[in-house]
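The structure displayed is predicted, hence computed values, not measured ones. Values reported hereafter were calculated over all heavy atoms of this structure, with side chains retained and with hydrogens, waters and symmetry mates removed.
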Amino acid sequence: MDPSTYIDPQLTVSDRLVVDNLLDDIKPTGDKLTTEETIEKLGHFNDASHAGFDPTVFQLWDLSYLKAKLPPVIQQHVLLPYIDWAKGIVRVPTDVVMVTHLILYFTTLVPSAFYLYYRFSWWHGVLHWILQLWYCGAFTLMKHQHIHGNGVLSSKYVVFDTLFPYLLDPMLGHTWNSYFYHHIKHHHVEGNGPDDLSTTMFYDRDSIADLARYVGRFFFLIWFDLPRYFWRKGQTKYALRAGFWELSNYLSLYLLYNYVNARATVFVFLLPLTVMRLGLMVGNWGQHAFVDPIDPDSDFRSSITLIDVPSNRFSFNDGYHTSHHLNPRRHWRDHPVAFVKQKERYAEERALVFRNIDYIFITVHLMRKDYPHLARCLIPMGDQIGMTMKQREDMLRSWTRRFPKPTKAA
């Protein structure tokens, strides 16, 4: 598969429209929608009052696919009633999938976890962990929408909307509220800048040793670093809250391990926590691996956009990371249309857009220093269109070099 020409058939409908629009800018064919038509169609997908409204019901299948494949009787008596019911529960009508996920977690993962504490078996523990691994990416990005949008369910369900993360978070690798304080109150404030605890600026992003230091620092010291960051910034309230929630979660795990069921605690809580902490930092490394030395403070030049299957189909359009940094409160379904509307600005700002690769494999290919592959995954925009593959490789390589740390004033 040549990533520079391959178009994945599993792309979401929105991603396919975006890819077609970008490729038509590079080599016009005359048989694709214009930019204006693309924007209009993408907008209709999100407009509950329009005939083209297309809510997300399941991540694996688009609604158009379900309508084409399901028998009419199933559509009429199961699918459409479920959509109408779920639309009354979620905060945004497009987000039926949020209800789907909550039903899934509370009918599979939660009962499985409780049963492991009641009657542990090794085979059940392993199967439970595999299930958790399957769920953790999508849950994390649902949680991402939850913390940016002050919930995912309508106001009628505010109590459940507020409380369900306290049960699900530890089962899926998160400590209580730490993601909120690190991501909302810290990362988006600093934006991968020098004071960002998760900044990639001071590392060579194609160095295995630097990646190990980066992940290790977060893994072992974030419980201390995050409260200390807030303390240094004079935000005592956040420092105390971040420290309280992180340490209280650790205390709970200690008590469960030592006084309830050690083996169940390993599979239900400790293994998910270990994998999630590693995954979050390896993913963040990929999201902010390329930083333009000319203007590292620009959101266009310190984050990237991915138009691919895993990040967008299964992780709530997480590939549109630049769009997210430009407007952290932008709803996940609005990223594709916002991107197309601003694509000229993206091109002017030398923004990087990739396809056929997700964040984890960006990190993998950087560790292999495989810049030819990364260059082939790049969808060129603006001045990038005239570059040779070698020039694209050199550009990408120059964007992964570490920045000198600022010297402290005497």
For His324 and Tyr320, which I'm curious about, is there any donor-acceptor pair between the side chains at under 3.5 Å?
no
Please say which of Trp399, Tyr359, Phe354 ends up in a ring-ring contact (aromatic ring centres under 6.0 Å, His included) with Phe290.
Phe354
Can you check whether Arg329's main-chain N or O pairs, donor with acceptor, with Asn327's side chain at less than 3.5 Å?
yes
What class does the angle between the rings of Tyr214 and Tyr203 fall in, given that below 30° is parallel, 30 to 60° is tilted and above 60° is perpendicular?
perpendicular
Please determine whether the number of non-hydrogen atoms from other residues, nucleotides or ligands lying under 6.0 Å from atom CD1 of Ile7 exceeds 12.
yes
Audit row: Phe403, Phe202, ring pair (Phe, Tyr, Trp, His ring centres under 6.0 Å) steps and yes/no
CA-CA 5 Å; Phe403 289 76; Phe202 305 127; 7.5 Å; no
Angle between ring planes, Phe269 versus Tyr117, binned at 30° and 60°: parallel, tilted or perpendicular?
tilted
Nearest 0.5 Å, what's the CG-CD1 distance between Asp20 and Ile307?
10.0 Å
When you compare the side chains of His174 and Asp169, does any donor N or O come within less than 3.5 Å of an acceptor on the partner?
no
N/O donor-acceptor pair under 3.5 Å between Asp204 side chain and Asp206 backbone
no
Applying side chain to side chain contact (heavy atoms under 4.5 Å, CB included) to Val353 and Ile304, what does each step give before you reach the verdict?
CA-CA 6 Å; Val353 179; Ile304 60 177; over 6 Å; no
How about His373 and Ile357: do any of their side-chain heavy atoms sit closer than 4.5 Å?
yes
Heavy-atom neighbours of Phe120 CZ exceed 12 at 6.0 Å
yes
Sub-4.5 Å side-chain heavy-atom contact between Arg402 and Met201:
no
Atom CH2 of residue position Trp176 - does it have more than 12 heavy atoms of other residues, nucleotides or ligands inside 6.0 Å?
yes
Can any side-chain N or O of Asn356 pair as donor or acceptor with the backbone N or O of Pro3 at less than 3.5 Å?
yes
For Lys341, does the NZ atom have more than 12 heavy-atom neighbours from other residues, nucleotides or ligands under 6.0 Å away?
no
Please state whether the rings of Tyr82 and Phe58 are parallel, tilted or perpendicular, taking 30° and 60° as the class boundaries.
parallel
Could you tell me whether Glu349 and Lys343 have a side-chain N and a carboxylate O separated by less than 4.0 Å?
no
Is the shortest side-chain heavy-atom distance between Trp245 and Thr175 below 4.5 Å?
no
Got a donor-acceptor contact below 3.5 angstrom from the Gln384 side chain to the Ala351 backbone?
yes
Is the backbone N or O of Thr200 less than 3.5 Å from a side-chain atom of Asn192, with the two atoms forming a donor-acceptor pair by type?
yes
Asp292/Arg301 salt bridge by N-O under 4.0 Å criterion:
yes
Please work out whether the ring planes of His183 and Tyr179 are parallel, tilted or perpendicular, with thresholds of 30° and 60°.
tilted
Check the side chains of Asp196 and His288 for a donor-acceptor pair under 3.5 angstrom, ignoring hydrogens and angles.
no
Hey, is the main chain of Leu70 close enough, under 3.5 Å, to the side chain of Gln75 for a donor-acceptor pair?
yes
Take Ser303 and His321 through the test side-chain hydrogen bond (donor to acceptor under 3.5 Å, both in side chains) and record every step on the way to the result.
CA-CA 6 Å; Ser303 59; His321 200 64; 5.8 Å; no
Crowding at CZ, Phe314 (>12 non-hydrogen neighbours, <6.0 Å):
yes
Looking only at atom types and distance, does a side-chain atom of Arg228 sit under 3.5 Å from a main-chain N or O of Trp223, one as donor and one as acceptor?
no
What's the spacing between Met171 CE and Tyr135 OH if we round to 0.5 Å?
12.5 Å
Nearest-0.5 Å distance, CZ of residue Arg241 to NZ of residue Lys185
9.0 Å
Set out, in order, the CA-CA distance, both residues' side-chain angles and the distance that settles side chain to side chain contact (heavy atoms under 4.5 Å, CB included) for Leu102 and Met142, then state yes or no.
CA-CA 10 Å; Leu102 288 172; Met142 184 179 82; 3.9 Å; yes
Going through the checks in order, is the side chain to side chain contact (heavy atoms under 4.5 Å, CB included) test met by Leu240 and Phe230?
CA-CA 9 Å; Leu240 293 174; Phe230 289 126; over 6 Å; no
Report yes or no: do His128 and His124 form a side-chain donor-acceptor pair below 3.5 Å?
no
Hey, could you give me the CD1/CD1 distance between Ile184 and Ile147, rounded to the nearest 0.5 Å?
4.0 Å
Test of ring centre spacing under 6.0 Å for His186 and Tyr229
yes
Does a side-chain N-to-carboxylate-O contact under 4.0 Å join Lys233 and Glu190?
yes
Can you tell me how far CZ of Arg91 sits from NE2 of His146, rounded to the nearest 0.5 angstrom?
7.5 Å
Looking at Arg217 and Asp225, is there a salt bridge between them, counting it only when a charged N and a carboxylate O are closer than 4.0 Å?
yes
With Arg333, the side chain to side chain donor-acceptor pair (under 3.5 Å) member among Thr94, Thr56, Asp54:
Thr56
So does Phe139 get a backbone contact from the side chain of His101, meaning a donor-acceptor N/O pair under 3.5 Å?
no
Does some side-chain heavy atom of Asn284 sit less than 4.5 Å from a side-chain heavy atom of Phe218?
no
Is there a donor-acceptor contact under 3.5 Å linking the side chains of Asp318 and Trp332?
no
Distance col, row Thr12:OG1 vs Asn317:CG, nearest 0.5 angstrom, shows 6.0 Å
Output yes when a side-chain donor or acceptor of Asp358 lies under 3.5 Å from a complementary backbone atom of Phe361, and no otherwise.
yes
Using atom types as modelled and distance alone, determine if a side-chain donor or acceptor of Ser4 lies under 3.5 Å from a backbone N or O of Arg376.
no
Checking Val275 against Leu133 for the side chain to side chain contact (heavy atoms under 4.5 Å, CB included) test, could you report, in this order, the C-alpha distance in whole Å, the side-chain angles of both residues, the deciding distance, and whether it holds?
CA-CA 8 Å; Val275 172; Leu133 289 172; 3.7 Å; yes
salt_bridge(Asp62, Arg313) N-O dist < 4.0 Å
yes
Is it possible for you to check whether Arg397 lies under 6.0 Å from the centre of the six-membered ring of Tyr371, through NZ or CZ, and within 45° of that ring's axis?
yes
Val18 side chain reached by Val340 side chain, heavy atoms, under 4.5 Å:
yes
